[in-house]
Number of protein chains: 2
Amino acid sequence: MTQQRMVILEELRNVDSHPSADEVYAMVRKRLPRVSLGTIYRNLEILSKSGEIRRIDSGGNLKRFDGNADDHYHIRCLRCDRLVDAFIELGLDIDEQLKGATDFLVFGHRLEFVGLCPRCQPATAEPSSLTNEEPS
Amino acid sequence: MTQQRMVILEELRNVDSHPSADEVYAMVRKRLPRVSLGTIYRNLEILSKSGEIRRIDSGGNLKRFDGNADDHYHIRCLRCDRLVDAFIELGLDIDEQLKGATDFLVFGHRLEFVGLCPRCQPATAEPSSLTNEEPS
DNA sequence: GTCTGTGCAAAAAGTTTGCAGCCGA
DNA sequence: TCGGCTGCAAACTTTTTGCACAGAC
């Protein structure tokens, strides 16, 4: 556990903003000005493989990272792309629903909600102008 | 509606493989050898904005496209990255579960199942060696 | 004839990797 | 010490964009 890796982990645990690799880079560089982007990527990879953080791979162009490795969902703002924790329990086991309907061995699912965050709600009331993608 | 756009749409509707832009490019080039990748990207964008196809933005490095614009889910193989349709109805309105638990205006959700496809099941029985990402 | 769409190529954005030297167990 | 980690830079992958010309209406 090098200092770099430690600082990355600390910074990630101190925010609830689910930053991208670039944002983590900016955060870490305030404390370790000579750190490199490559180190950030390498450590984010290592930390998520070891289960200390979570890589969020759902919609969106760039990957985000979550200092909270516990199982939980997120909701993304379609306007500003902000990602916020959604601590809910679904009322049923949705993986279970799939058994019998697929010949895959089902391990789990990735679920992300989409909508408008409080800040962006005044600006837009038109879903259609925002979403032209996957399920709605 | 140019010939290029038409061919892209036709090819996409003729497969159930959810190809990436590059794969669409390869498919279209068999019929229009002089087509350019830029044209593929531009038309995939236009077609998904107009609702004739669907852009799939969930997990994975590159975006996939679906000639079937009807609402449905997918399951992704963690080993070979193949994406297959999963035509199931969830037993409840999961967006509804979120109301009250968030100050977002909820428009919908993106859901993708993950697992092992039939071809890859013999090769691996170890989920842990495959997934170190979002929900499970 | 106009105006959008195309092909081509370069650029942008995000991520990965090779390498030589440094650091921590 | 010594193997893994770092900084740096270059490379790679995917997607976007500028531009001049062609094709559709």
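Just the heavy atoms: all of them, side chains too, but no hydrogens, waters or symmetry mates, feed the values below. Letters A, B, ... are given to chains in the order of the sequence lines, protein chains preceding strands, and every chain is numbered from 1.
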**Student:** For A:Arg5 and A:Arg34, take the nucleotide of DNA chain D holding the closest heavy atom to each; which residue's nucleotide lies nearer the 5' end?
**Tutor:** A:Arg5
**Student:** I'd like to know if B:Glu45 and B:Arg55 make a salt bridge, using a cut-off of under 4.0 Å between side-chain N and carboxylate O.
**Tutor:** yes
**Student:** Quick check for you: to the nearest 0.5 Å, what is the distance between B:Glu52 atom CD and B:Ser50 atom OG?
**Tutor:** 4.0 Å
**Student:** Counting N and O atoms only, with roles assigned by atom type, does the side chain of B:Glu11 sit under 3.5 Å from a partner on the main chain of B:Ala26, one being a donor and the other an acceptor?
**Tutor:** no
**Student:** OP1 or OP2 of C:dT4 versus the side-chain N and O atoms of B:Thr2: is any pair under 4.0 Å?
**Tutor:** no
**Student:** Could you tell me if the side chain of A:Leu116 sits less than 4.5 Å from the side chain of B:Phe104, heavy atoms only?
**Tutor:** no
**Student:** My understanding is that only residues two or more places apart in sequence, or in another chain, count here; which of them pass salt bridge (Lys or Arg N to Asp or Glu O under 4.0 Å) with B:Glu96?
**Tutor:** B:Lys99
**Student:** Does CD in B:Gln3 sit with more than 12 non-hydrogen atoms of other residues, nucleotides or ligands closer than 6.0 Å?
**Tutor:** no
**Student:** Nucleotide range of DNA chain D contacted by chain A, 5' to 3', under 4.0 Å to a heavy atom?
**Tutor:** D:dC5 to D:dC8
**Student:** Taking the nucleotide of DNA chain D with the nearest heavy atom to each, does B:Met1 or A:Ser36 sit closer to the 5' end?
**Tutor:** A:Ser36
**Student:** Checking one residue: A:Met6. Which other hydrophobic residues are in its cluster under the side-chain 4.5 Å linking rule?
**Tutor:** A:Met1
**Student:** Looking at residues at least two apart in the chain, or sitting in another chain, which of them share a side chain to side chain donor-acceptor pair (under 3.5 Å) with A:Asp16?
**Tutor:** none
**Student:** How large an angle, rounded to 10°, do the end axes of the helix from C:dG1-D:dC25 to C:dA25-D:dT1 enclose when each is built from five base pairs?
**Tutor:** 30°
**Student:** To the nearest Å, how far apart are A:Met6 CE and C:dA25 C1'?
**Tutor:** 14 Å
**Student:** Quickly work out the A:Asp57 CG to C:dG14 P distance and round it to whole Å.
**Tutor:** 15 Å
**Student:** By nearest nucleotide on DNA chain C, pick out whichever of A:Gln3 and A:Asp22 is the more 5' one.
**Tutor:** A:Asp22
**Student:** Give a yes or no on whether a salt bridge exists between B:Arg64 and B:Asp81, defined as a side-chain N under 4.0 angstrom from a carboxylate O.
**Tutor:** yes
**Student:** Under 4.5 Å between any side-chain heavy atoms of B:Ile75 and B:Val114, yes or no?
**Tutor:** no
**Student:** Using only atom types and a distance under 3.5 Å, with no angle test, would you say the side chain of B:Ser48 pairs donor to acceptor with the backbone of B:Leu44?
**Tutor:** yes
**Student:** Could you tell me the separation between the CG atom of A:Leu62 and the P atom of C:dG14, rounded to a whole number of Å?
**Tutor:** 5 Å
**Student:** Between the protein and nucleotides 16-23 of chain C, which nitrogen or oxygen pairs come in under 3.5 angstrom?
**Tutor:**
from   : atom 1 : to      : atom 2 : distance (Å)
C:dG18 : O6     : A:Arg42 : NH1    : 3.2

